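The chains referred to below are lettered A, B, ... by the order of the sequence lines, with proteins before strands, and numbering in each begins at 1. This structure is a prediction, so every number in the text was calculated from the model and none was measured. Quick note: numbers below take in every heavy atom, side chains included, and nothing from hydrogens, waters or symmetry partners.
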There are 2 protein chains.
Amino acid sequence: MATVSLNRPVRTDEARMDMREAIMAAARTTVQRDGYNALSFRDLASEVGIKSASVHYHFPTKPDLAEALANRYCEDMTTFLEEVSQNAKTTEAALETYVALFRSGLDGTNRMCVIGMMSAEVNALPPSVTVQLERFAQINTDWLQNVLAIKNPRMAKEKLEARALAIYASIEGAQLIARGRGGDPLLFDEIVAAYKVSGLLG
Amino acid sequence: MATVSLNRPVRTDEARMDMREAIMAAARTTVQRDGYNALSFRDLASEVGIKSASVHYHFPTKPDLAEALANRYCEDMTTFLEEVSQNAKTTEAALETYVALFRSGLDGTNRMCVIGMMSAEVNALPPSVTVQLERFAQINTDWLQNVLAIKNPRMAKEKLEARALAIYASIEGAQLIARGRGGDPLLFDEIVAAYKVSGLLG
DNA sequence: ACCTGAACACCGTTCAAGT
DNA sequence: ACCTGAACACCGTTCAAGT
């Protein structure tokens, strides 16, 4: 079972966690919970024990912080998916773990995928960040496509690509809708179960 | 063909559009484009030609405005779906029109469903608004369930309910992902096409 | 290298005051 | 009934100043 690091602070190695990492850890949690627009440099500063002007030393502007967050999120997702590919015993188990990642943020604290959140808030973000949204989608669909190819060796590549994209979009949607209803993980489960019945996740 | 009023200003009857309606019209567009957290009473005021303090006369607080917006959005959706039910010649056509509504906001101005946006920003919203998010989901799934029941008369009610919820969540997800990629309606179409192939929208 | 206080133009909100 | 200016505590950002 791979570590679900996407819903943990950016780094847990407290002993050598420098200020930049501490800011990113706090910022990730806030973005997942409240969104990028609700993220305040002053709140962030008080969380990590410095003044808001000092946050600007590490991240000159708020979009700079958004870019760093999105970039790190992509890296963590890549690592996570590599671990799943190595450790999952079946393609079904790999897909289960994939879905479980998106469920895990919801459970308890009703947090959302950083990239899903930024997709909603995309009009506040410069190209340096939106390019990371596309990268994250690519990371997800590439991995899904590989898993699906193992499961359905005779499926055409175009169809695998389209199916991978559909799964990614539908899981983000399930998370969004469950989040809107208080982050109920059982609602998320219900939606995912219906995806399976329909054949989308089959 | 039903009027896609969900992506128009709240009321177009300019002659008798009072200030409250003008504020709601401007606010809906801004929420769809930039989100609730990015909505500014001062910008809103200058759009409709009054001062920000005057906006508070019509909507005492920002959550009050959010509640009015979400409530009106539910009403407009109900009207829209009733029109579709009356005018669509086949259940396939009804589903096409449903999907087209979510596509229409994206096209050109990359706007999002007000309720999908508020689902992402749910932590900023009081219960008076989140109850409207649940109401909107119910309006959508009730209608979808009815359409699906006509199409699949032998399907069990529980399965119809689950499928309706899955379709709603997946379409919101398609919109979110397409929005993240610049609001490309062709990407939305690609995702929806894959839903159809998988059987989810079949 | 890293942090700070003070200033700037913003924000939602309140309220006494206008018509 | 509807609107306003002024004030409040907030916001991101800048910058000269500290260590």
Ignoring the backbone of B:Ile50, work out which of C:dT13, C:dT4, D:dC3 is nearest its side chain.
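The nucleotide sitting nearest to the side chain is D:dC3.
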
Residue A:Phe41, side-chain heavy atoms: nucleotide from D:dT13, C:dT13, D:dC3 that is nearest:
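Closest nucleotide among those given: D:dT13.
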
Counting only Watson-Crick pairs (N1-N3 plus N6-O4 or O6-N4) and G-U wobbles (N1-O2, O6-N3), all under 3.5 Å, who is the partner of [N]?
N	result
D:dC10	none
C:dC3	none
C:dA17	none

Distance, rounded to the nearest Å, where [X] contributes [atom1] and [N] contributes [atom2]:
X	N	atom1	atom2	result
B:Phe59	D:dC2	CZ	P	12 Å
B:Asn37	D:dC11	CG	P	13 Å
B:Lys62	D:dA9	NZ	C1'	16 Å
A:His56	C:dC3	NE2	C1'	13 Å
B:Arg20	D:dC2	CZ	P	11 Å

Touch class at under 4.0 angstrom, heavy-atom based, for [X] against every strand present:
X	value
A:Leu44	nothing
A:Asp43	sugar-phosphate
A:Ser40	sugar-phosphate
A:Leu39	sugar-phosphate
B:Tyr57	base

Closest approach of B:Tyr195 and A:Ser170, non-hydrogen atoms and distance?
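Of all heavy-atom pairs spanning B:Tyr195 and A:Ser170, the closest is OH-N, 3.4 Å.
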
Any side-chain N or O of A:Ser54 under 4.0 Å from OP1/OP2 of C:dT4?
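Yes, A:Ser54 has a side-chain N/O under 4.0 Å of OP1/OP2 on C:dT4.
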
How far apart are the C-alpha atoms of A:Arg163 and A:Asn152, what are their side-chain angles, what is the distance that settles it, and do they pass the side chain to side chain donor-acceptor pair (under 3.5 Å) test?
CA-CA 11 Å; A:Arg163 177 64 61 90; A:Asn152 311 300; over 6 Å; no

The answer to which of B:Arg42 and A:Lys51 contacts DNA chain C further toward the 5' end, by nearest nucleotide, is A:Lys51

Find out whether the Lys NZ or Arg CZ of A:Lys62 is both under 6.0 angstrom from the six-membered ring centre of A:Tyr36 and within 45° of the ring's axis.
yes

For B:Lys151, is the NZ atom crowded, meaning more than 12 foreign heavy atoms sit under 6.0 Å from it?
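Result for NZ/B:Lys151: enclosed.
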
Side chain to side chain donor-acceptor pair (under 3.5 Å) evaluation trace for B:Gln132 with B:Arg135
CA-CA 5 Å; B:Gln132 300 288 334; B:Arg135 182 183 162 208; 2.9 Å; yes

